[in-house]
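No experiment lies behind these values; they were computed from the predicted model shown. Residue numbers start from 1 in every chain, and the chains themselves are labelled A, B, ... in the order their sequence lines are given, proteins ahead of strands.
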Amino acid sequence: MSNNNVECLECGADVRVPGNVMQGEILKCGDCGIELEVTELNPLTIDLAPMEMEDWGE
Amino acid sequence: MSRLQVGIVGASGYTGGELLRLLSQHPQVEVMQVTAGRNVGKFVHNVHPHLRGQLNLQFIADEGLQPCDILFLALPHGQAQQSIEHYTALAPRIIDLSADFRLHNPTDYATTYAHDHHAPTWLDRFVYGLPEINRQALIGANYASGVGCNATATTLALWALVKAGILNADQPIFADIKVGSSEAGSTPTPASHHPVRSGIVRPFQLTGHRHEAEVRQALRDCGDFDIRMAVTSVEMVRGVAVAVHVTLPTGLRERDLWQAYRGTWKGEPFVRIVHEQDGLHRHPEPRLLAGTNYADVGWEYDPTTGRTVLLAAIDNLGKGAAGSTVQCMNLMCGFDETTALTFGGIYP
Amino acid sequence: MSRLQVGIVGASGYTGGELLRLLSQHPQVEVMQVTAGRNVGKFVHNVHPHLRGQLNLQFIADEGLQPCDILFLALPHGQAQQSIEHYTALAPRIIDLSADFRLHNPTDYATTYAHDHHAPTWLDRFVYGLPEINRQALIGANYASGVGCNATATTLALWALVKAGILNADQPIFADIKVGSSEAGSTPTPASHHPVRSGIVRPFQLTGHRHEAEVRQALRDCGDFDIRMAVTSVEMVRGVAVAVHVTLPTGLRERDLWQAYRGTWKGEPFVRIVHEQDGLHRHPEPRLLAGTNYADVGWEYDPTTGRTVLLAAIDNLGKGAAGSTVQCMNLMCGFDETTALTFGGIYP
């Protein structure tokens with residue numbers, strides 16, 4: 001993973017990491033929409049952010 | 001570089017009209033003649049009102065056709081094959097939007113359309129006009145056949161996992177297809193009469209769909225698939241939405257499916273993968289594709305049972321007909337493949 | 001020539017989304033920032049699904065706004081006027097899509113919107129943003145206000161005969177307006193809940209419509225017209241269709257009306273006269289205008305009684321909002337007026 005990208009844990013897409021990223025910041029994957037939480041800065045570590053499931057059904 | 005001169009035969013129907021709309025915005029071609037049986041002498045906007053103020057063209061009779069660079073045939077099924085010699089004498093490049101030259105195998109044609117083909121020697125001279133699965137053959141070709149709309153949606157829904165070897169020809173493929181009213185064309189019938197067509201969910205053709213042979217042909221390199229298409233008409237004018245019911249191996253991860261889809265579709269200008277975790281639009285939907293050449297593809301997979309639904313949505317007049325034929329023309333003539341096809345749809 | 005840097009404040013609503021769609025196809029500008037209150041961090045295609053694969057932009061918070069060349073304000077009514085100083089400090093050109101700066105007269109504003117204007121000194125610095133009736137004032141302007149959709153349809157329906165002096169301010173003007181659901185915006189309400197909104201013909205607001213003041217202001221040079229707008233919601237998402245009931249002198253000939261309409265509208269890139277003798281589409285219809293910046297205008301006149309119905313159709317998100325604001329931007333910045341606005345609609 002290059003210094004300003006991480007790999008999405010769900011779908012494997014490249015997710016851009018902003019230069020001024022902070023611990024606890026939420027990054028959104030452009031391909032699959034999952035939200036990733038930056039758990040550590042050095043080394044840059046991410047985890048799936050808790051997502052409250054919206055009621056989407058008909 | 002002067003514009004290529006283009007003619008459309010049968011330009012008063014819905015596919016002919018969509019073709020006219022797209023070509024009128026194409027910087028490298030000029031539509032110089034359009035024929036229509038029952039509308040000779042009328043201006044195109046008398047039949048296609050949205051083209052008012054955009055084109056100053058009148059329909060001519062078939063007999064009035066002049067030689068030109070490219071001829072699009074948007075005739076009812078069965079007519080192109082009866083006068084193919086006449087049309088190929090008029091233009092070095094022909095793109096036929098009907099089903100007449102889609103199936104390469106004459107016996108496939110006879111079983112599907114219940115009569116022998118009138119020009120079988122031409123069948124293998126026409127390249128199947130779905131660029132996403134046949135791009136190399138289309139580049140520089142002279143003759144191309146348009147695609148069937150329901151077949152295109154089904155083929156594109158299956159393509160990624162078939163190519164990746166995750167879905168094999170060892171099971172029946174159940175394709176449940178929802179369609180709009182423009183698929184039946186511009187001629188009114190009792191079934192298209194608004195009071196009985198509006199707001200329906202009408203199972204229309206549930207076995208022996210003519211497009212099954214076309215899908216089998218498209219997938220033939222990967223196996224002989226048992227394609228079972230069933231069509232239901234719903235409240236929609238433009239649009240095809242297909243849900244294909246299959247069973248995959250259990251225990252696959254989302255990334256495995258993403259990898260197969262990205263491997264197949266990455267870089268394709270008109271195919272988008274729609275597989276979202278949240279929001280209203282998690283899967284492909286046809287409404288926001290109206291007027292575009294897009295095909296949106298996606299899936300839903302249950303790792304515990306392997307139960308899978310493969311999804312695709314297109315505009316039957318776009319990627320399912322006129323959009324793909326303009327894309328074919330671009331490939332045949334060496335133009336940028338997306339020329340005149342960049343309208344991205346509107347929403348809501 | 002490097003692209004002008006553009007920002008959209010409030011880009012998650014329907015007008016903001018249409019603006020984003022149009023500007024993303026504009027060769028002379030680049031949308032570099034979009035704000036949205038409740039969608040910060042999301043990609044634009046998470047809110048506007050049709051933009052998937054076309055833009056790689058994420059919503060930022062209002063506080064994150066950077067100085068830029070042009071700022072479009074697509075905020076709910078009342079917000080732009082409260083922070084106009086903040087926005088004008090960020091960009092030399094502002095186009096506000098709300099009603100906040102449409103009415104030049106503060107008392108008009110107070111009576112129409114039942115509260116005093118928060119920034120009255122700015123009112124006469126904003127140019128009314130309907131190019132068809134205000135082009136000269138928009139050329140090179142810095143501040144323009146967007147138009148009201150129902151007002152625009154009504155103004156354009158009346159304009160030709162008012163300017164020709166055939167219709168005068170000596171009678172009440174009855175404008176019966178049919179509207180779609182996107183006019184109410186993207187926030188769900190009990191009235192927009194599909195089971196109770198689908199398929200209705202619901203008289204919605206029949207007296208005291210807020211847009212009446214806007215129409216009176218547009219026609220003021222030709223007299224003080226008694227505009228009476230009544231709105232009915234119908235089965236439609238995008239679209240406004242207005243029928244204005246008036247009485248003209250008896251004995252006029254068709255050619256007199258054509259002359260008045262041609263005199264006013266000839267050469268206008270986005271106004272089409274639709275007055276046909278036969279065919280399905282003899283009068284303006286909103287459906288085939290969806291996604292376009294067109295306004296179709298027409299009439300029906302009975303020479304024996306002078307009874308007349310003046311007609312107009314637009315897309316409320318196009319000519320009635322985002323389309324007109326992009327047209328204004330083109331005039332303000334010296335671009336060709338039709339840039340990024342040439343989509344001509346689809347049919348059926």
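Neither the backbone nor the side chain of C:L289 comes within contact range of chain B; no heavy atoms are under 4.5 Å apart. Heavy atoms closer than 4.5 Å to chain B are found in the side chain of C:R287, but not in its backbone. Heavy-atom distances place the backbone of B:I273, and not its side chain, under 4.5 Å from chain C.
Within residues 336-347 of chain B, the residues that have a heavy atom under 4.5 Å from a heavy atom of chain C are B:T342, B:F343, B:G344, B:G345, B:I346, B:Y347, listed by number. Contacts from residues 12-22 of chain B to chain C, taken as heavy-atom pairs separated by less than 4.5 Å, involve B:Y14, B:R21 in sequence order.
Comparing C:S24, C:P49, C:G279, C:G291 by how many heavy-atom pairs each has under 4.5 Å with chain B, the most go to C:P49. Of the residues considered (B:V47, B:V274, B:T292), B:V274 shows the highest number of contacts with chain C, using heavy-atom pairs under 4.5 Å. No other option in B:H45, B:E276, B:K42, B:E285 has as many heavy-atom pairs under 4.5 Å with chain C as B:E276.
Listed for the B:R52 side chain is no donor-acceptor partner under 3.5 Å among the backbone atoms of C:D296. Without hydrogens or angle criteria, C:R238 side chain to B:P348 main chain gives a donor-acceptor distance under 3.5 Å.
By the neighbour-count criterion of 12 heavy atoms within 6.0 Å, atom CD of B:Q259 is sparsely surrounded, having that number or fewer from other residues, nucleotides or ligands. Atom CD of C:E300 is surrounded by 12 or fewer heavy atoms from other residues, nucleotides or ligands within 6.0 Å. Atom CZ of C:F204 has 12 or fewer heavy atoms from other residues, nucleotides or ligands within 6.0 Å.
Between the CD atom in B:Q54 and the CZ atom in C:R272 there is a gap of 6.0 Å [rounded to 0.5 Å].
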